[in-house]
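Below, all heavy atoms of this structure are taken into account, side chains as well, without hydrogens, waters or symmetry copies. The chains referred to below are lettered A, B, ... by the order of the sequence lines, with proteins before strands, and numbering in each begins at 1.
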Protein chains: 2
Amino acid sequence: MKKTKDENTEEQILEAAKNIFQSKGMDGARMQEIADKAGINKAMLHYYYRSKQLLFEAVFNNAFLLLAPQLNTVLNDDSSIEEKIKNFTTNYISFILKHPYLPNFVIQELNRNPEFILKMKENKEFPNLEKFKKQVNEEIKKGIIKPIAAEQLFINIMALNIFPFVAKPLIKAFINADDETYLQLMENRKTEVSNFIINSIKH
Amino acid sequence: MKKTKDENTEEQILEAAKNIFQSKGMDGARMQEIADKAGINKAMLHYYYRSKQLLFEAVFNNAFLLLAPQLNTVLNDDSSIEEKIKNFTTNYISFILKHPYLPNFVIQELNRNPEFILKMKENKEFPNLEKFKKQVNEEIKKGIIKPIAAEQLFINIMALNIFPFVAKPLIKAFINADDETYLQLMENRKTEVSNFIINSIKH
DNA sequence: AATTTTGTTAACCAAATGGTTAAACCATAT
DNA sequence: ATATGGTTTAACCATTTGGTTAACAAAATT
């Protein structure tokens, strides 16, 4: 059971590394802890990934590539702004409830190492605002929504959706909520947030 | 010049520690680096603060105590909801532009160690939502603002104000902005954000 | 002026940490 | 069965890191 050529050792490592890196960050993570969680010898980490840095990058890229398509929903599909916001909000919040460490991990590590995002930008799937901008300006011209800079609207959408997860401990403390209450609050936000945004911009 | 009883050595350490901790976090910070930045011997850090943990807590408490009063503006003064939102938004964004590392530092370290906030909660000045809730519900009853849960409104205000700073590298990348453009965007948000919120809730 | 207290430094220490190595293991092709 | 080549392990290594110590210098106290 042990010495079989385990095709999935590499994946077990990645899964363990994901767990440790996402909850403790690059600096807080320990190679030994990752090995323990994966149930293998520490040398294997280096055998498959060479170094802590490279293992980390593998985890980070995976995380980022999971988030990017979510954003593209808001940017590149063909429905109206109102539809987009509704869809994105419910989808994104559901998505994050399944991957609670993701946004904080990505944001934290990008702040630690801002040049990192340059590599991401080269990716074909990297979110691009052009279409969204055009659409916002059109709907403004048509009188469907009130004037607003597309960039600011985009930031607002991101903020309202992502922040409550990034700042979870802070929010729990201010609201005086236990985990269940917090979760309920996030559930409610699936409609709350889109209503809030649409109320603000709809004519 | 060297062996004078420098009354401010302790503060030099705290200032250096603030810089290093806020940009690298607890795990990424090195005692030697803090000593170097303070221009003193590493042993002094321990002489004045005993351990890395205690030095970190001194920095963290200072940071938190700087942020709390900002929030109390929105919660405990006597102006209308609309006034409060306007004041808070301009004040808070100005404040953060002067202390750019603050929000991310606090959020990051609270996520790393959520029990930490329990100590904060004991503090008399810890933000309390009660008054704000009452006021929101009154203005709803009077028909000044549309129905909304006070907690959700509070989260929205926080999100719209804080998130753009926490996620700076992400936003710069999506918007394709250099530092100057980013700064301009944040300046604009001083009015943008309050308009956005008020548009959404005002009857 | 002598002595005690406080501040400061260089040198040191033990533990932790990322990484390496040499040997063992094992499935498979020969 | 045996050689082969990827896989795995235990032991090891060099460096980093938080923390300590002993000696010394400058004030403060007597």
Original post:
Are B:Arg189 and B:Asn195 linked by a side-chain donor-acceptor pair shorter than 3.5 Å?
Top reply: no

Original post:
Does a nitrogen or oxygen in the side chain of B:Thr9 sit under 4.0 Å from OP1 or OP2 of C:dG7?
Top reply: no

Original post:
Does B:Arg112 make a cation-pi contact with B:Phe21, if we ask for NZ or CZ under 6.0 Å from the ring centre and within 45° of the axis?
Top reply: no

Subject >> Contact list for DNA chain D against residues 21-46 of chain B - heavy-atom distance below 4.0 Å >> reply: B:Ala29, B:Arg30, B:Met31, B:Lys42, B:Ala43, B:His46

**OP:** Could you identify which residues of residues 51-63 of chain B place a heavy atom less than 4.0 Å from some atom of DNA chain C, listed by residue number, or say none?
**Re:** none

Original post:
Sequence neighbours excluded, which residues qualify as side chain to side chain donor-acceptor pair (under 3.5 Å) partners of B:Lys37?
Top reply: none

Subject >> Nearest-angstrom distance from the residue atom OH of A:Tyr47 to P of C:dA23 >> reply: 18 Å

Original post:
Does A:Tyr47 reach the side chain of A:Asn41, with side-chain heavy atoms less than 4.5 Å apart?
Top reply: no

Original post:
Between B:Asp179 and B:Lys168, is there a side-chain N and carboxylate O pair less than 4.0 Å apart?
Top reply: yes

**OP:** Could you check how far CD of B:Glu11 sits from C1' of C:dG7, rounded to whole Å?
**Re:** 16 Å

Original post:
Taking OP1 and OP2 of D:dT8, is either one under 4.0 Å from a side-chain nitrogen or oxygen of A:Tyr48?
Top reply: yes

Subject >> cation_pi(A:Lys119, A:Phe116) dist<6.0 Å, angle<=45 >> reply: yes

Subject >> Check against side chain to side chain donor-acceptor pair (under 3.5 Å), B:Asp36 and B:Gln32 >> reply: CA-CA 6 Å; B:Asp36 290 347; B:Gln32 187 60 58; 3.0 Å; yes

Subject >> CD on A:Glu192 to CD1 on A:Ile93, rounded to 0.5 Å >> reply: 9.5 Å

